[in-house]
**Q** 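Below is one structure. I have some questions about it.
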Amino acid sequence: VLYMNGLLVDEFRIDTPYLPGEKGCRLTWILSEDEEKTLYVRHEDLMELDELLSHGSTGKIEMEDGASSILVNSDSTDFFLAGQKALKIETLVLKIALNDFLKNNPDA
């Protein structure tokens, strides 16, 4: 169970992209029974995110659309999506989830 923007979030998960053979991942927040938010992260951004997390670094990743970004801080990571409210996750939770995902999906 995670806290996001003061709300309880039941689930956060990292999945492979919808298209077979496509590199990268989908980050999904289950906000309520009928609402979820999904962010598509391409391979280059995924590798950059993994690099920051594995070194305990902070930094900002500009997403491909030029309007979205990921801001990694030591305690929490913010996802700023174009035209939407920012999403937040504890950096440690993200790091653990991403490590598991990459272990099971080495070609992501």
Side-chain angles (χ1 to χ4, degrees):
V1 178
L2 309 170
Y3 287 94
M4 183 179 75
N5 300 339
L7 300 172
L8 204 55
V9 178
D10 286 327
E11 201 175 328
F12 168 82
R13 67 175 188 265
I14 303 179
D15 300 307
T16 54
Y18 288 118
L19 300 174
E22 188 178 290
K23 288 181 171 282
C25 70
R26 288 178 287 149
L27 304 179
T28 302
W29 288 260
I30 313 302
L31 302 177
S32 67
E33 212 172 279
D34 53 3
E35 187 185 7
E36 59 179 53
K37 294 276 185 204
T38 299
L39 173 63
Y40 295 87
V41 181
R42 63 192 179 122
H43 175 75
E44 292 81 1
D45 296 332
L46 182 62
M47 294 299 101
E48 195 175 340
L49 181 58
D50 181 49
E51 184 78 13
L52 286 173
L53 292 171
S54 59
H55 290 94
S57 304
T58 59
K60 185 176 184 178
I61 299 168
E62 297 289 341
M63 305 297 280
E64 190 176 20
D65 64 8
S68 304
S69 62
I70 303 172
L71 186 61
V72 180
N73 291 305
S74 53
D75 56 347
S76 65
T77 298
D78 295 286
F79 296 83
F80 297 99
L81 313 179
Q84 299 182 42
K85 284 198 312 197
L87 295 167
K88 183 186 287 274
I89 187 170
E90 287 178 44
T91 299
L92 183 60
V93 171
L94 178 61
K95 180 178 179 175
I96 292 167
L98 192 60
N99 280 343
D100 285 348
F101 174 79
L102 290 173
K103 202 182 311 166
N104 296 323
N105 300 277
D107 295 333

**Q** So Leu53 and Leu98, side-chain contact (heavy atoms from CB on, under 4.5 Å) or not? Walk me through it.
**A** CA-CA 9 Å; Leu53 292 171; Leu98 192 60; 3.7 Å; yes
**Q** Side chains of Ile89 and Leu87, heavy atoms from C-beta outward: is any pair under 4.5 Å?
**A**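 SC-SC contact between Ile89 and Leu87 ruled out.
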**Q** Taking everything shown except Glu35 itself, do over 12 heavy atoms lie less than 6.0 Å from its CD?
**A**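 Yes, because the 6.0 Å sphere around CD of Glu35 holds more than 12 heavy atoms from other groups.
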**Q** Closest heavy-atom contact between Lys88 and Asp78?
**A**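 Smallest heavy-atom distance, with atoms named: NZ-OD1, 3.0 Å.
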**Q** Starting at NZ of Lys95, measure out to CD of Glu90 and round the result to the nearest 0.5 Å.
**A**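 That separation rounds to 14.0 Å.
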**Q** Is Val41 linked to Leu71 within one hydrophobic cluster, defined over Ile, Leu, Val, Met, Phe, Trp and Tyr using a side-chain heavy-atom separation of less than 4.5 Å?
**A**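 Each belongs to a different hydrophobic cluster.
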**Q** Please check if the side chain of Lys23 supplies one atom and the backbone of Arg42 the other of a donor-acceptor pair under 3.5 Å.
**A**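 It does not hold such a pair.
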**Q** How many angstroms lie between atom OG1 of Thr38 and atom CD1 of Ile30, to the nearest 0.5 angstrom?
**A**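 Answer rounded to 0.5 Å: 7.0 Å.
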**Q** Which value, rounded to the nearest 0.5 Å, describes the distance between Thr77 atom OG1 and Leu52 atom CG?
**A**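 Answer rounded to 0.5 Å: 9.0 Å.
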**Q** Is there a donor-acceptor pair under 3.5 Å between the side chain of Ser69 and the backbone N or O of Phe80?
**A**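 Flag not set: sc Ser69 to bb Phe80 has no pair under 3.5 Å.
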**Q** Measure the acute angle between the ring planes of Trp29 and Phe79, then classify it against the limits of 30° and 60° as parallel, tilted or perpendicular.
**A**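 Answer is perpendicular, since the angle exceeds 60°.
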**Q** If you round to the nearest 0.5 Å, how far is CG of Asp45 from CD of Glu51?
**A**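 The CD atom of Glu51 sits 13.5 Å away from the CG atom of Asp45.
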**Q** Considering all heavy atoms of both residues, which atom of Ala82 and which atom of Ala67 are nearest to each other, and what is their separation?
**A**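 In terms of heavy atoms, the two residues are closest at CB-CB, 3.7 Å.
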**Q** Distance-only, no hydrogens or angles: does the Asn104 side chain make a donor-acceptor pair with backbone N or O of Asp100 under 3.5 Å?
**A**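 Judged by distance alone, yes, a pair lies under 3.5 Å.
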**Q** Distance-only check: which donor-acceptor pairs under 3.5 Å involve side-chain atoms of residues 56-63, not counting sequence neighbours?
**A**
none

**Q** Going by heavy atoms in the side chains, are Leu102 and Met47 under 4.5 Å from each other?
**A**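 Yes; the side chains approach each other to less than 4.5 Å.
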**Q** Closest approach of Leu46 and Cys25, non-hydrogen atoms and distance?
**A**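 What the structure gives for the nearest pair is CD1-SG, 3.6 Å.
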**Q** Side-chain contact test, heavy atoms from C-beta onward, threshold under 4.5 Å: evaluate it for Glu64 versus Tyr40 and give yes or no.
**A**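 No. Closest side-chain heavy atoms not under 4.5 Å.
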**Q** Tell me, which pairs form a ring-ring contact (aromatic ring centres under 6.0 Å, His included) where one or both residues lie in residues 86-108, sequence neighbours left out?
**A**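 Every candidate ring-ring contact (aromatic ring centres under 6.0 Å, His included) pair involving residues 86-108 fails, so no pair, neighbours aside, qualifies.
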**Q** First locate atom CG of Leu27, then atom CG of Leu81, and finally report the distance between them rounded to the nearest 0.5 Å.
**A**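 It is 9.5 Å, given to the nearest 0.5 Å.
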